[in-house]
Structure formats: C-alpha cells, structure tokens
Protein chains: 2
Amino acid sequence: MGKTERGRRRHKGVGRVTLGDVAKHAGVAPITVSRVMNNPDQVSEKLRKRVEQAVDALGYVPNLIAGGLASAGTRVIPVIVPSLSILTYIDVIHGIQQTLEDTGYQLLLGSTDFDLDREAALIDTVLGYSPSGIIIAGLRHRERAIQRLEACQRPVVEIMEYGASCIDSNVGVDNAEVGRCMARHLVERGYRRIAYVGSRMDRDYRTIQRYEGHREMLELAGIDGSRLLQNDEAASYKTGGRLFMEAMASYPDLDAIHFTNDNLAAGAILEANRRGIRVPDDIAVAGYLGLPLSECLTPALTTVSVPRFEMGVQAAKFLLARLDGEQGEALRCDIGFELIVRDST
Amino acid sequence: MGKTERGRRRHKGVGRVTLGDVAKHAGVAPITVSRVMNNPDQVSEKLRKRVEQAVDALGYVPNLIAGGLASAGTRVIPVIVPSLSILTYIDVIHGIQQTLEDTGYQLLLGSTDFDLDREAALIDTVLGYSPSGIIIAGLRHRERAIQRLEACQRPVVEIMEYGASCIDSNVGVDNAEVGRCMARHLVERGYRRIAYVGSRMDRDYRTIQRYEGHREMLELAGIDGSRLLQNDEAASYKTGGRLFMEAMASYPDLDAIHFTNDNLAAGAILEANRRGIRVPDDIAVAGYLGLPLSECLTPALTTVSVPRFEMGVQAAKFLLARLDGEQGEALRCDIGFELIVRDST
DNA sequence: CTGTTAGCGCATTCAG
DNA sequence: CTGAATGCGCTAACAG
C-alpha cells in the first residue's frame, strides 16, 4: 500500500490498461514491453515470455493513437473514391482491402460524391490521421489537394485512370483507348449507325474520355460519332432500359448502341427481353466493365472487361512497395482491359 | 535571432505545421488556436479572425492523432463486416457512410471473412484507434470480443440480424421470420415439393436461420421441409444457374426452389432463359434481398426485400444518438422486410 | 539486450 | 474571454 493512487488524474485515465501497467506487472521498463509488441526479436526469450504473460493477464490492447503520435504515423490507409454505390469502386476497394488486411493496415474510407472540393477537404481530414499512405481515385484534383498530397511525404497511389503524370504512383486504365477499342469492334462488325449512351456523364469525366475515344474511332472510319444520349439518373438496370427505348426513339435508324457501362447495357438487354426486341438483329448492344451479369444474359453481352479487383491489388502492392522503402521513379501500371465479344453484337 | 532552433529535434519534427506554429504566427497561445478550431464561439471575433488568417497562411491541418490522444478519442467509426464481396454489406456500409460523412466521422473498414477469431482480433485492433463507437455485423461474437466491446465504454451497434440481446444497440432483420414468410407464400401458392438452395450456408449462420424458418413453416403445413441443397461456391449468377440444374436433377419432382439470395435466384432464372425452361410453369423460383436485378428479369423474381441501405442509415443514427449523449436502454430496431410477389412464383 | 530520458501535438484543467 | 502548466500513452534516441 502506499504509492498506489498518484493523486492527480487530471485527464480521465479512462481506466484502460496501458503499456506502463504491463511493464509494472512484468517488472520491466515500458520500452521493453513496447519492443515485445513491435520488435519481439530485440528482446530475450525470458523477458519476452514474462511480458507476454503480463499482456495476457491484464488484457492489454495497445493504444495505436499514442503509438501513432510518438512514431509520427499510423497504420492507416485512406482510400478516397467518388462513390460507394458504384460497383467498380467497390471491387477495387475489395482488392485493396484483401491485399492490405494481412499486413496490419486498416482502410479509412472516404467518398467524395464526384466533388473535387469535397475531395480536397477529405484529403485534409484523412491526412490528419498521419496515415502511412493514401489511395485516391482519379488523376485530376484541386491544386491545393495536390500540394498537400505532395507535402505529406507519404506514398500516394492514384487509381482508376492511367495517365501521363501522377503525384507518386498510378494504376488504372486508358479510358480513351477503351472507347476506341469497342468502337472499332462495332465498326468491324459492320454497324454504321451507332449511338453512345450513358448517364451522368458529366459527373465522371472518365466516361467522357471513353466517349471521346469512341467518337474519334468512328470518325476515323468516316462514321458519324456524334450520336450521344444521356440522362441524369444513376446507372441502374432500369435506367438502362429506359435509355435503350429512348435511344431507339431518338435515332430510329440506329443499328448499335455503345453503353458507358454494363449496368446500362444489361438493363437494355433485359428490356429487350421483356419487349421481344431481338438483340443484335434489331439492334446491337455493347457495354463496359465486364460485370458477372454480362455473360449470363441472353444474348450474352459484348463488353470490355476491366480487372477491377486486380487494380486494387496492384494499387496496394505499389503502396506496400513504397512503405517497404522502394524509392525513385513513379510506379506506374496500365492494368489493361479485354474486349470480350459475345452475342449481343 | 536567439531563441530560434531549440537545438534538440530528437524526434523527426517532420516539418508539418503545428498548432504552436499557428499560435506564434498569430501572436496568441496555442490553446486559443485550438479553441478557434474546435469551439469558435469561445473566442472573440478579433482573435478568431487573426488566428484564421494564420491558419490559412501557413496551411495548417490539425493533427487528429495528437488531438485524439489528448482527448482520449478520435472521430473514427470502425465498421466490421464479414465480407466486402457481398452486396448486402456494401449497401449497408453505403448507408452508414452517407449518414456519417457530414458529421465528420470517418469509417474504418474491416472485414472478417466470416471468421469469429479474426473478428475478435480485428476488434482489438480497431479499438486501439480509440474510436468514437463501432458498428459490427452480427449478434454472435467470441466471448473475449464481447468483453472488450463492453469494456471500451463506447457505443456499439450490432447490425444485420435483429435479436433478443445485444451489447448496446441493434438494427437488423429477423432471419427466421424471413424464411417463414417466403415459405408461407410458396405454400399458399400451392407449391408442395419445395427445396431450399444456397451456397456456403455454414459460413453465414444467418442463412441457416432463414432455412430453419423455411423448414419450420413447411412442416407446419405438413410438407417435407428437409429438401436442402448447397455447395461451396461464392454466391454468383453462375453458381445460381448450376445449383438450379443440380436441384432439378437431385429432386426431379420439384415444383419450387427457395434460394438463399437473389444472386442465386437470378442466376437460376437466367439459366432457365438460356435453356428454355419455363418459370414458374416448369418450376417456381424465389429469392431473398430485393436486388435491383430481381425486378428486371423475365419473369420478374419473387423475393423478400430488405432495406439494406436504410439499415445502415439507422445504425449510424443510433450511433450518433449515443454520441449525442443518449443514455439508457438498448436502442433496438427491427428494420423489417417486404415480401414482393412477382411472376417467378 | 535493457533501461533512461524526453517529447510527438494537442486538449484538459485550473487560474486570471 | 485568454493563458500556463501538465500529461494523454507510447516510442525514438541515446546510453549502459
């Protein structure tokens, strides 16, 4: 008795077991406990065991916040995407998560709703958690955001879009090339009156990049590439069905529709099924993404498949490489895509 | 000259702008800057402006880690789910995210792969970030996990499953009741030889709860409820198609299949479309979830719809209520479900 | 291999 | 309304 109760407790000691408690219990210095938790091989077998027992006995759980403050960094990786309601980003996040989870990093999720100002604010916030690095969708950001990202001296991986210049590392696809690729396929198949159909294209500029590729390729072939139809709904099957009917009404002579994504294209095929419209005989339908549904439809959907999960994995690997000390040049990867020709064209 | 350069810099000062820097620049005490950032109305107009200018001038971004350590809590909400490849959880996370994002909380994402030991470890980890609260899927956890969750003295919301006893708060559905509801529908429709078909049912015990409800209801009606088929693949459309064919082979006299989820059921209908099998004339198909796809199929899928997004929203609201000081009884909410009868039954 | 000392950047308490 | 002093829990640096 005696020296218990230090008598201040100005802050709420909260009662949680601390490193110090464990150290006392094991009869060692706090730093030794710290080492047992973080660098076990720097401690002798004997002390280690003693400490481990104390940890178990007291049910000690490290305060990562304190550790983070002391060592100027937490094992947190913010992932900033435009939306959580779009499957593409979900698959990428899944890939990131799966790759990072066993390395002890935690994902801090942020969504910008396609708003670059919001993105900039979010970047500030998450940087406040002294993350180990950051993964962010897109190559376009506010100037301020880019400055902060560069100033933070931590690995930054920009994903989704592959392009010439990035802040630090980049994994993505060349959207214009995707657009060209599918347009070329349609032309080769003999289609001549082709429309590009999407929804909310202005929100996601990558959609416009694909459209531009599409248009460029058509015009190269001497075909009108300006047929464009879009609306302001979220990309759902229903929206796809509606846009399908609308497109056929707006351009009665149409022989093919190039949709911005598989959700829309699948919705079109489903609508055609319902109405007895024959695809591709009456009209051909093409998509983009390579969603699982695309191959289960009747007719199966021609699409450009993008390895979304793998993109997440690669992004995480780049991050881990940097954290592992890899210096130098930007790590860059064009994750590629694959034209999958099926029955709908 | 003189007192610049304090001459130690043992830790890497990292160079980031700190509260102190801003305070110096504005000629006030650090605490005043702190107040401007956190409780603006406790500071006079004049000082506040001066401080705000300094903040802008230096590009100060608060170190949330330091703040978290000092105040024993960060504005982080861990969300722990079994999987990120299952749409259900994604929708719920989306609801949580949308509700929390404007309140300044960040989601810390964790996935357990349906492993309760992994879950317990993950809980320890995320608790290390001194989160404001925590949202976790399921009502079943390891004893150790429950203890930690109770000991941390922070709001805990258990989601997905609605049940009698929870740690702190609970939002979910009554799975057994869902199973009963659909089974009742099938019986009322006149089906008598009904199979329950799923995949990986042992991984997610909620699936089994639904099956038990299904079986109970059938037996109440004097019908064999033991027809069960499952495999070990992930729930995809393709798996659904395969299970559909397998079920018809295993139970040749079947007149209806009750699938554990819409992915599988949709896959079955898609497979039927391909093969020219008539649903529901040859065999009826029912699902669970209320995925958007379900209503776009031909025939449209009969399903039980669960408000997944709303479940996330409600979970976040419970959390915010607790953080807002709401004490007392467990906050509980049976989010309910809706039987949607369409053409497939 | 182990311990001592100092301080990460901020918010809390208490005083004016 | 403003400021000074103190410590949140842990780890980096430096001895021994």
Side-chain angles (χ1 to χ4, degrees), chain A residues 6-51 55 58 60-75 127-131 152, chain B residues 6-51 55 58 60-75 127-130 132 152:
Chain A
R6 285 167 56 250
R8 283 93 143 249
R9 171 80 66 86
R10 312 190 22 151
H11 288 199
K12 50 191 107 143
V14 189
R16 255 182 73 168
V17 180
T18 73
L19 241 203
D21 298 333
V22 176
K24 230 171 284 172
H25 190 99
V28 298
I31 185 66
T32 301
V33 180
S34 169
R35 287 201 262 254
V36 170
M37 305 298 293
N38 302 316
N39 307 83
D41 22 70
Q42 287 180 20
V43 180
S44 69
E45 182 78 22
K46 185 182 146 195
L47 277 194
R48 197 185 335 158
K49 286 219 165 139
R50 195 134 54 91
V51 169
V55 166
L58 301 183
Y60 170 64
V61 178
N63 181 329
L64 270 16
I65 292 298
L69 181 59
S71 63
T74 55
R75 291 176 78 81
L127 252 25
Y129 287 102
S130 298
C152 78
Chain B
R6 286 171 50 252
R8 284 93 143 248
R9 173 80 66 85
R10 312 190 22 151
H11 288 198
K12 50 190 107 143
V14 189
R16 254 183 73 168
V17 180
T18 73
L19 241 204
D21 297 332
V22 177
K24 229 171 285 170
H25 189 100
V28 298
I31 183 61
T32 301
V33 179
S34 170
R35 287 202 260 253
V36 171
M37 305 298 293
N38 303 317
N39 307 82
D41 23 69
Q42 288 181 20
V43 181
S44 67
E45 183 77 20
K46 186 181 147 193
L47 277 193
R48 195 185 335 158
K49 285 222 166 137
R50 194 134 54 93
V51 169
V55 166
L58 301 182
Y60 170 64
V61 179
N63 182 329
L64 270 16
I65 292 298
L69 181 58
S71 64
T74 56
R75 292 175 78 81
L127 252 24
Y129 287 102
S130 298
S132 297
C152 78

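Proteins get letters first, then strands, A, B, ... in listed order; numbering begins at 1 in each. For clarity, every value in this text was computed on a predicted model and none was experimentally measured.
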Can you tell me how far [atom2] of [N] sits from [atom1] of [X], to the nearest Å?
{"X": "A/Leu19", "N": "C/dG3", "atom1": "CG", "atom2": "C1'", "value": "14 Å"}
{"X": "A/Arg50", "N": "C/dC1", "atom1": "CZ", "atom2": "C1'", "value": "13 Å"}
{"X": "A/Arg16", "N": "D/dG7", "atom1": "CZ", "atom2": "P", "value": "21 Å"}
{"X": "A/Leu69", "N": "C/dA6", "atom1": "CG", "atom2": "P", "value": "18 Å"}
{"X": "A/Ile65", "N": "C/dA11", "atom1": "CD1", "atom2": "C1'", "value": "14 Å"}
{"X": "A/Asn39", "N": "D/dC10", "atom1": "CG", "atom2": "P", "value": "15 Å"}
{"X": "A/Gln42", "N": "D/dT11", "atom1": "CD", "atom2": "P", "value": "12 Å"}
{"X": "A/Tyr60", "N": "D/dG9", "atom1": "OH", "atom2": "P", "value": "10 Å"}

Among [options], which is the nearest nucleotide to the side chain of [X]?
{"X": "B/Ser44", "options": "D/dC1, C/dC1, C/dG9", "result": "D/dC1"}
{"X": "A/Ala70", "options": "C/dG7, C/dT2, D/dT2", "result": "C/dG7"}
{"X": "B/Ala29", "options": "D/dG3, C/dG3, C/dG9", "result": "D/dG3"}
{"X": "B/Ser34", "options": "D/dT11, C/dC10, C/dA11", "result": "C/dA11"}
{"X": "A/Thr18", "options": "D/dC10, C/dA11, D/dA12", "result": "D/dC10"}
{"X": "A/Arg35", "options": "C/dT2, D/dT11, D/dT2", "result": "C/dT2"}

OP1, OP2 of [N] versus side-chain N and O of [X]: anything below 4.0 Å?
{"X": "B/Asn63", "N": "C/dC8", "value": "no"}
{"X": "A/Tyr129", "N": "C/dG9", "value": "no"}
{"X": "A/Thr32", "N": "C/dG3", "value": "yes"}

For [X] and [Y], indicate whether the former's side chain and the latter's backbone hold a donor-acceptor pair under 3.5 Å.
{"X": "B/Asn63", "Y": "B/Ala66", "result": "yes"}
{"X": "B/Arg50", "Y": "B/Ala26", "result": "yes"}
{"X": "B/Arg16", "Y": "B/Val61", "result": "yes"}
{"X": "A/Thr74", "Y": "A/Tyr129", "result": "yes"}

Of A/Gly27 and B/Val61, whose closest DNA chain C nucleotide lies nearer the 5' terminus? A/Gly27
Considering only heavy atoms from C-beta outward, does the side chain of B/Tyr60 approach that of B/Met37 to under 4.5 Å? yes
If you find the nucleotide of DNA chain D closest to B/Leu47 and the one closest to A/Met37, which residue's nucleotide is nearer the 5' end? B/Leu47
Using a heavy-atom cut-off of under 4.0 Å over every strand shown, decide if B/Ile31 touches base, sugar-phosphate, or nothing. base
If you look at every strand shown and take non-hydrogen atoms under 4.0 Å, does B/Leu64 touch a base, only sugar-phosphate, or nothing? nothing
The side chain to side chain contact (heavy atoms under 4.5 Å, CB included) partner of A/Val33 among A/Asn38, A/Leu19, A/Asp21 is A/Leu19
